[in-house]
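Everything below concerns the one structure shown next.
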Amino acid sequence: MGCTSVTTGSVRRPSRSARAALGLFPAVALINHACDSNCLYTSAGHRMVVRAVRDVAQGEELTISYAPVYKSAAERRALLLQQIGRAHV
């Protein structure tokens, strides 16, 4: 399993003490959601890092969860409905 680094994006924090940030990562934005995703993402400085959490077959789509993976399925579904107006049933 190889890793590819994509550095097309940036993060801007309103102030040093702010806990929220705004980022624009067009390459990461193209990754689709799956409840059983094969990748996780995190910020590292001014970069967004996407890593596979299991082996990914050649040609298999890379996917991330749009909701925190540590929450229950019902909590993730409710969060997705609230944030983007749809969720997997």
Side-chain angles (χ1 to χ4, degrees):
M1 170 174 33
C3 290
T4 301
S5 176
V6 179
T7 59
T8 58
S10 64
V11 173
R12 183 180 304 284
R13 294 191 188 278
S15 70
R16 292 252 185 238
S17 62
R19 297 191 76 172
L22 173 65
L24 180 61
F25 299 93
V28 178
L30 295 173
I31 301 174
N32 285 320
H33 165 81
C35 291
D36 184 24
S37 59
N38 56 23
C39 293
L40 292 175
Y41 63 96
T42 186
S43 61
H46 289 3
R47 296 177 6 174
M48 183 67 66
V49 178
V50 176
R51 295 209 168 126
V53 294
R54 61 173 174 80
D55 288 340
V56 178
Q58 183 174 349
E60 181 181 356
E61 179 180 21
L62 298 178
T63 57
I64 57 176
S65 177
Y66 293 166
V69 296
Y70 56 85
K71 293 189 178 283
S72 71
E75 289 173 313
R76 291 194 311 262
R77 188 174 297 113
L79 183 62
L80 290 171
L81 284 170
Q82 177 187 15
Q83 289 181 343
I84 61 174
R86 62 187 164 101
H88 295 287
V89 177

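Because only heavy atoms are used, hydrogens play no part in the values below, and waters and symmetry mates are left out as well, while side chains stay in.
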| message | Suppose the criterion is salt bridge (charged side-chain N to carboxylate O under 4.0 Å, His left out): which pairs have a residue in residues 59-68, not counting sequence neighbours? | response | Arg54-Glu60

| Side-chain donor or acceptor of His33 paired with backbone N/O of Ser65 under 3.5 Å | no

| Under 3.5 Å, is there a donor-acceptor pair between the side chain of Thr63 and the main chain of Asn32? | no

Partners of [X] by side chain to side chain contact (heavy atoms under 4.5 Å, CB included), sequence neighbours excluded?
| X | answer |
| --- | --- |
| Leu79 | Ala67, Pro68, Gln82, Gln83 |
| Asp36 | none |
| Thr42 | Val49 |

| What's the spacing between Phe25 CZ and His46 NE2 if we round to 0.5 Å? | 9.0 Å

| task | For residues Leu62 and Val50, determine if any side-chain heavy atom of one lies less than 4.5 Å from a side-chain heavy atom of the other. | result | no

| message | I'd like to check Leu40 versus Ile64 (side-chain heavy atoms, cut-off strictly below 4.5 Å). Are they in contact? | response | no

| remark: Between Cys39 and Ala52 the two heavy atoms that sit nearest each other are SG-CA, 3.9 Å

| note | For Tyr41 and Met48 the tightest heavy-atom approach is CD1-SD, 3.6 Å

